Novice: 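Can you read through this structure? Questions will come right after.
All values reported here derive from a predicted model rather than from experimental measurement. A note on names: the letters A, B, ... follow the listed sequences, proteins ahead of strands, and every chain is numbered from 1.
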Amino acid sequence: MFIKQLQETVKDAFAKKIELDIQSGNSKRFLGRTPKGAALSIAQYSGIVEYDPAELVITVKAGTALRDINSALAKNNQYLPFDAPNFSTESTIGGVVAAGLSGPIRPWTGSVRDYVLGIECIDGRGDHLRFGGRVMKNVAGYDVSRLIVGSMGTLGIILQMSFKVLPKPETSATVYFDCSQVKSIEKITQMGLTSLPLSASLWVANKLFVRLSGSQAAVAKGLEIIGGNRCLDNDLWQKLRDHTHSFFHGGSPLWRVSVPANSAVAEIGDECLVEWGGSLRWYKSSQQNEQFHEYAQKCGGNAILFRNGDRSSDVNGKLHPVLGRIHKQLKKSFDPGNILNPGRMYKDL
Amino acid sequence: MNIDTKVIEPDLSPVGLKGLFESFVDIVGESHVLTEKEQLYPYECDGLSAYKALPLAVVLPATAEEVCEVMRLCHKQNIPVVARGAGTGLSGGALPYEKGILLSLARLNQVINIDPPNRVAVVQPGVRNLAITEAVAHLGLYYAPDPSSQIACSIGGNVAENSGGVHCLKYGLTVHNVIHLKVVTIEGELIEIGGGGLDTPGYDLLALMHGSEGLLGIIVEVTVKLLPKPDVAVAILASFDDVETAGNAVADVISRGILPAGLEMMDNPSIRATEDFVKAGYPIDAAAILICELDGTEQEVKSQIILAQDILSQAGATGLRISESEQERAKFWSGRKNAFPAVGRISPDYYCIDGTIPKRELGNILVEIDRLSTEYGLSVANVFHAGDGNLHPLILYDANVDGEFARTEELGGKILEACVIAGGTITGEHGVGIEKINQMCVQFSRLELEQFHRIKAAFDPRGLLNPGKAIPTLTRCAEFGGMHVHDGNLPFADIERF
C-alpha cells in the first residue's frame, strides 16, 4: 500500500516536475549540499523483513532504525560489519545506505557497499525496481545495488535492502600510545603488515589509540605483542563513530580527507584527527579553502566538506569532465526528470 | 534512452577492412594485428567452448595509450569491440563478435608498483591472478580472491566478471579487493575510477565496473588490496551419510559464530570421481563431505578448531579429520580443486552450472536437481561453495551424441530457474555472458532490464562494447518465452525475487 502510494506520488512529481527531498530519520541533513524540494518521508516504511542468522543475511525496510537492526543482530551475536554512524538515535538504514558512511572498523572489514547484497527502490519515473538479491554471490546484471549506496538519494528512493552480516568478534580491547601524528602513521602502518587482529585506530591530541578484536586468545596475544597503555574509555569508538567525541564539537567547517594510509602528514587546518589506519583524516578549519582538495589530490585521494561551512558550494569537490558526463547520464537514466534529491550531491546532478 | 543518431555504417568491404587493419597496424605494429583465419582460431572461444565465432581481427595493444587509440578508431568507424583477458571465462563473455574486433589485453602484463605500507599493488589487466600473490609473497602479503582458474586467469577479467573463489565467504569477491581502476571509454578517453583512499565521492562506479562483463569500458590498470598472510591455516574434512545433514552442518557452523576461510561441499559422485583421480583420501562411501578451513593467528585457529569439531560432530558428521600439516591441508584441498578435471575423466564432456541459493534451500535444490537429472536422462555431480550458497552442478554429457548438448543446456537452464525460484540467482561468479542470457529474462523484469540498457547507454550509447552479452534485449526475452515479458508480469509473480 505504502509502495503504491509512493509510486503515485513520484509519478505525479515526475509529470509535474516537482523536486522531491527524500527524508527518513533526518540524522544526516547536514551532509551534502543544501536539501531542496517537497519533503517526502519514508520513515514509516520500517521493519525487519527477514533475518536468518545461519544465512548471515538480513533484509530490512528503509525506515527501520539502525539501533533496532543492531539489537536484533546482537541477540544472535552478529553485526553489520561496517559499523555505520548513528548521528542521532533516529538514524535509519535507508539513510545509512544513501549516505554510504562507514565507521572506524571500515579498513579491516569493509564499507556499507561491501555488505549490500540487494536493493529495492523506486526510480524517478515511479517504477519499482529490484536489483541484486539475498544471496552472497550474485553477478547477474550490473551491480546496481552497490551503485545506489552513497548516491544520496539521487538515483532512487530506497525501499528495502539486504545485507551480509558477520559473527561479532568475541572480544575487543583498546590500548594507546603517546606519539606525534608522524610516528602514529609509522606505527599503525607497521602493525597493518602483520596478522594482528586490528579493528580500529585513532590519532588525536598526540595519542594513538588501537583496538584489537577477535577471539579471547588472539586479542590477549595481540596485546602482549603491541604493548601500550590500556584505554579505559569504553565509549571511545562509539564517540568517534557518532561524532560525539569532543574533536567534532563546534561549528567550524569540518573536512573529511580520504587518502592512502601512509600519506605524508600535512600542517593544514586548525586541528586534525586521523582514523582508518591513516587513510581517513579529519580537519577543522576556521576558513573554507582549497588547501584540503590540493593536499588530498597530491596524495592521490579526495576531500569533502563534511559538516558546516557553505553548503551551497561544491562540498564534494569537482568531478573530472568525463566522469561528470557519465554521472549525468547515469542520473538521467534513473531519474529523467531530475526530481530525486536534485543538487544534493553535486550542483547539476 | 540515449541513442546516438549520427551513426555511420562501418565499411566491412574488403577495401574498407584493408584500410581498417592498416590503421590498427599503425597503432600497435604489424605483428600485433591478427587477421588470417589460422591466427584467429585460438581466439574463437573462451572457457565455454560450446560457443565459437571468429572476429574480423584480433588487436593486441601493449599500452593504455595504444588501447585509447584503438578505441578512438573503433568508435569513429563504429566497429564493435570485445575485450579479452586470459580467455578462461566460463560464460562466453569473451566470445568474439563476427562484425567486430577482439581486443586482447594479454600484452599489458606488468606489475607496475607494489606498495607494502599501503598494502596495495598496481597491476596491468593482463597480469595473472596468482602472479600478484607470487609478486608479493616475499613481503608476507597476498591477494585474496582465488577463482579456480587463478593460475591462468588475468586480473582484468577478474574485475570484468567480479570473480569469486573458495575463500570469498571471509575475504570477499573481486569487488571487495580492488580500490582503483583506470578504464578506457568507448570514445577512447582514459578515466580513473576509485582512488588511493578508501572512499571516493560521487557514484560508486568502481562497484559498477565489477561484473560489467566488458560492456561499459576497457580496464587498463587495476589497484588491488593486499592482505597479510594468515599465520596458520587448518582444514577439517568431515563426512556425512546424507547430503541434507551436511547442508545443515554448514548452517550450524555459521550460526555458531565461526567464519571459515573456506567451506566447501561435494556429493558422492564428485567424491568418487576425484578420489579415483587424485587420491585425496576422501571417504568414497560418504554421501557428502565438507572441507572447512579456518585461518588466522595460531591462538584464534586453535580455539576455533575445537569449536568447529564439536559443532560438526553434533551435526551428525560420521568422520572428522584435521589437517596436521601443510601437506595434509593441501591434500584435503587437492580433491576439491581437481573436482572438475576428475569429472572430465568419467564423462566425455561436462557442463558447469553456477547458481546461488540461500543456504537453507540446499536440501530442496538437490532434490530438484536429482529430479531434473532423471527427467533429462543426464547424470549430475555436485560441488558447492557451501558457505556462500554457490552451487556448481556438473552435468555429464557426450557432445558426440546428437542433441545431447542441447538437452544439457536445457537442463542447465532449468536448474538455474529453480535457483531463482528458491530465492537465488542464475550466476554467483561465472557471469552471464552469452550462456545465461535467456535466464536473465527469468530473474529480472522488463523494467529492470530496461534500466540495465539505460546504464549501458550512459557509457556506450551506440552499444559497441561486447554486443549481445550479459543483458538480453526485450525481444530476445519475448522469443525465449512469451510468458516472461507480459506487461511486466513475471512467472512466479508471488515469489519474492529481491
Novice: If I measure from the heavy atoms of chain B, does A:S151 come under 4.5 Å with its side chain, its backbone, both, or neither?
Specialist: both

Novice: May I ask you to name which of B:I193, B:I254, B:L141, B:I179 has the most heavy-atom pairs under 4.5 Å with chain A?
Specialist: B:I254

Novice: Could you tell me which portion of A:K328 (side chain, backbone, both or neither) has an atom closer than 4.5 angstrom to a non-hydrogen atom of chain B?
Specialist: neither

Novice: Please determine whether a side-chain nitrogen of the Lys or Arg among B:D354 and A:K137 lies less than 4.0 Å from a carboxylate oxygen of the Asp or Glu.
Specialist: no

Novice: Below 4.5 Å from any heavy atom of chain B, which atoms of A:L129 appear? Answer side chain, backbone, both or neither.
Specialist: both

Novice: Closest heavy-atom contact between A:A218 and B:Q299?
Specialist: N-CB, 3.9 Å

Novice: For chain A, which candidate among B:L205, B:T185, B:D252 shows the most heavy-atom pairs at distances under 4.5 Å?
Specialist: B:L205

Novice: Once you round to the nearest 0.5 Å, how far does CZ of A:F334 lie from CD of B:Q451?
Specialist: 4.0 Å

Novice: Check A:N138, A:V139, A:V135 against B:T356 for a side chain to side chain contact (heavy atoms under 4.5 Å, CB included) and give me the one that passes.
Specialist: A:V135

Novice: Can you tell me which portion of A:N77 sits under 4.5 Å from chain B's heavy atoms? Options are side chain, backbone, both or neither.
Specialist: neither

Novice: Relative to chain B, which segment of A:L330 carries a heavy atom at a distance below 4.5 Å: side chain, backbone, both, or neither?
Specialist: both

Novice: For the pair A:E50 and B:R360, find out whether any cationic side-chain nitrogen is under 4.0 Å from an anionic carboxylate oxygen.
Specialist: yes

Novice: Checking side chain to side chain donor-acceptor pair (under 3.5 Å) for the pair B:Q304/A:S215: CA distance, chi angles, key distance, verdict?
Specialist: CA-CA 9 Å; B:Q304 293 213 330; A:S215 68; over 6 Å; no

Novice: Quick check for you: among B:P230, B:G296, B:G257, B:G431, which has the greatest number of heavy-atom pairs under 4.5 Å with chain A?
Specialist: B:G257

Novice: Answer yes or no: is there an ion pair linking A:R125 with B:E450, defined by an N-O contact shorter than 4.0 Å?
Specialist: no

Novice: Identify which part of A:P107 has an atom lying under 4.5 Å from any heavy atom of chain B, answering side chain, backbone, both or neither.
Specialist: both

Novice: Would you call A:R106 and B:D199 a salt bridge, using N to O less than 4.0 angstrom?
Specialist: yes

Novice: Using non-hydrogen atoms and a 4.5 Å limit, figure out which bit of A:I148 sits close to chain B: side chain, backbone, both or neither.
Specialist: neither

Novice: If we define contacts as heavy-atom pairs under 4.5 Å, which of B:V250, B:V175, B:D115, B:L139 has the most with chain A?
Specialist: B:V175

Novice: Please determine, by modelled atom types, if A:S195 and B:D231 share a side-chain donor-acceptor pair under 3.5 angstrom.
Specialist: yes

Novice: Carefully, step by step, assess A:V144 and B:F452 under the rule side chain to side chain contact (heavy atoms under 4.5 Å, CB included).
Specialist: CA-CA 9 Å; A:V144 176; B:F452 285 146; 3.7 Å; yes

Novice: Can you tell me how far apart NZ (A:K164) and NE2 (B:H176) are? Round to the nearest 0.5 Å.
Specialist: 6.5 Å

Novice: If you tally heavy-atom pairs under 4.5 Å against chain A, which of B:C168, B:G164, B:G202 wins?
Specialist: B:G202

Novice: Under a 4.5 Å cutoff for heavy-atom pairs, which residue among B:G211, B:S255, B:P201, B:G194 has the most contacts with chain A?
Specialist: B:P201

Novice: Compare every heavy atom of B:R454 with every heavy atom of A:D123, then report the nearest pair and how far apart it is.
Specialist: OD2-NH2, 4.2 Å

Novice: If you measure from the Lys or Arg side-chain nitrogens to the Asp or Glu carboxylate oxygens, is any gap between B:D204 and A:R113 under 4.0 Å?
Specialist: yes

